[in-house]
Amino acid sequence: MKKETNKVTFGFWLYLMSDCVLFAALFAAYAVLHSATYGGAMPSELFSLPYVFIETMLLLTSSFTVGLGLLAAHHNKKYGVLVALTATLVLGLSFLGMELSEFFHLVMQGHSWQESAFLSSFFTLVGTHGLHVLLGSVWMLVLMAHIFVRGISVGLTRKLLCLSLFWHFLDIIWVCIFTFVYLWSAL
Amino acid sequence: MERLVTTMKFYTIGFALSLLLTMAAFLFIQIYFIIICAILQIFVQLFFFLHVGQEKKPHWNFTVLAFACIIVGILVGGTLWIMTNVQHNLTANIYLNGVVTPQTQND
């Protein structure tokens, strides 16, 4: 069983590394295009740092709680896992809500991805990250349902381990996003 | 990944350090400072949350991570190098003895 876990998690880690390369390409595109504003809005005019700070806190805390969930799974505490995962999900969805709201307001003010190359690359990079968070949240919901119905097992702990790897990875990507997209705009 | 000695302490320290680094970055927005904070936070999260470097031999996870970092380095570094070059080559330099080259909107 342990060997199985090692193989599966290594495979998942490999996928995560490929996802890393994907994000690197999006970051490279943003780096090239962030000043191509075509006479339209500039980054410094559009981004609110306090807002992004709150988003960052939500995602960071959710990364912490998913770790706690994994710990609970190792100790076979079914309801500990469910509580931790619920907290993670709530925090993650709050993050997504804030991000969607930010995107919505940008578009409503006329600053959509059609305005300039800067905004195209911004929405692609941050949107792709958000999409990953959304899919991770769906995965988390499904896993929670499994654990609720069947209880903690080696197999489900393995799945939770993969999900936690995914979730931690997303927080690391977010560190790069808030640094190189948002904080960078205030330089 | 084998079951590692993951305790509450590990995650808490990682969380606390990440919090500190995040707050520091948001407070002092200086170009090199935020980059260093980001890199440190990435290492903190890799070590405390993702347990990179805590594997027993063979260290496949770390190897694959290192490889991915090389690829990322080439991708991002190479892109920036090439695109900076393109911009430079396409920038009008009207002071150069009357020789004018076309200028793109990025300049």
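Below, chains carry the letters A, B, ... as their sequence lines are ordered, and counting in each starts from 1.
No more than 12 heavy atoms of other residues, nucleotides or ligands shown are found within 6.0 angstrom of CZ on F148(A). Other residues, nucleotides and ligands contribute more than 12 heavy atoms inside 6.0 Å of the OH atom of Y15(A). Shown here is K78(A), whose NZ atom has more than 12 heavy atoms of other residues, nucleotides or ligands within 6.0 Å.
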I'd like to know whether W184(A) forms a side-chain contact (heavy atoms from CB on, under 4.5 Å) with I35(B), so could you lay out the CA-CA distance, the side-chain angles of the two residues, the decisive distance to 0.1 Å, and finally the verdict. CA-CA 10 Å; W184(A) 203 265; I35(B) 295 177; 3.9 Å; yes
Check step by step if side-chain contact (heavy atoms from CB on, under 4.5 Å) holds for L187(A) and Q30(B). CA-CA 7 Å; L187(A) 277 177; Q30(B) 313 293 332; 5.6 Å; no
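Neither the backbone nor the side chain of I39(B) comes within contact range of chain A; no heavy atom of the residue lies under 4.5 Å from a heavy atom of that chain. When heavy atoms are compared at a cutoff of 4.5 Å, F178(A) approaches chain B solely by way of its side chain, counted from C-beta outward. Proximity to chain B (any heavy atom under 4.5 Å) is shown, for V66(A), by neither the backbone nor the side chain. The contact between L46(B) and chain A is made by backbone and side chain atoms together, counting heavy-atom distances below 4.5 Å. Contact annotation for T84(B): neither backbone nor side-chain heavy atoms come within less than 4.5 Å of a heavy atom of chain A. With a 4.5 Å cut-off on non-hydrogen atoms, V52(B) touches chain A through its side chain but not through its backbone.
Separating the CD1 atom in I71(B) from the CE atom in M17(A) is a distance of 12.5 Å, to the nearest 0.5 Å. Atom CG of L50(B) and atom OG of S63(A) lie 7.5 Å apart (nearest 0.5 Å). A distance of 11.0 Å separates CG in L14(A) from CG in L65(B), rounded to the nearest 0.5 Å. A distance of 10.5 Å separates CD1 of I172(A) from CZ of F43(B), quoted to the nearest 0.5 Å. Here the CD atom belonging to Q41(B) is positioned 9.5 Å from the SG atom belonging to C176(A), to the nearest 0.5 angstrom. For the atom pair T65(A) OG1 and F15(B) CZ, the distance stands at 8.5 Å (nearest 0.5 Å).
Heavy-atom pairs under 4.5 Å with chain A were tallied for V76(B), V72(B), V64(B), L80(B); the largest tally goes to V64(B). Top candidate by heavy-atom pairs under 4.5 Å with chain B, chosen from C20(A), A28(A), G67(A), is G67(A). With chain B as the partner, the residue from T179(A), T157(A), L60(A) showing the most heavy-atom pairs under 4.5 Å is L60(A).
In terms of the ring pair (Phe, Tyr, Trp, His ring centres under 6.0 Å) criterion, residue partners of F53(A) (sequence neighbours excluded) are, by chain and number, F26(B).
Membership of an apolar cluster is not assigned to W81(B), as no side-chain contact below 4.5 Å to another ILVMFWY residue is traced.
Using a 4.5 Å heavy-atom threshold, the side chains of I29(B) and L49(A) count as touching. Residues F10(B) and L71(A) form no side-chain contact, since every pair of their non-hydrogen atoms from C-beta on lies 4.5 Å or further apart. Side-chain contact between I34(B) and F180(A): absent, with no pair of heavy atoms (C-beta onward) separated by less than 4.5 Å.
Residues V142(A) and L93(A) fall into different hydrophobic clusters, defined by Ile, Leu, Val, Met, Phe, Trp and Tyr side chains chained together at heavy-atom separations under 4.5 Å. Cluster annotation: I13(B) is connected to M8(B) through the hydrophobic network of ILVMFWY side chains, with a link wherever side-chain heavy atoms come within less than 4.5 Å. Cluster membership for I36(B) and F47(B), using ILVMFWY side-chain heavy atoms within less than 4.5 angstrom, is shared. With hydrophobic clusters built from ILVMFWY side chains whose heavy atoms lie under 4.5 angstrom apart, V175(A) does not share a cluster with F28(B). When hydrophobic clusters are built by joining Ile, Leu, Val, Met, Phe, Trp and Tyr residues whose side-chain heavy atoms come closer than 4.5 Å, directly or via intermediates, L68(A) is grouped together with M144(A).
Taking each heavy atom of L75(B) and A25(A) in turn, the nearest pair found is CD2-CA, 3.7 Å. In terms of heavy atoms, Q45(B) sits closest to H168(A) at OE1-O, 4.1 Å.
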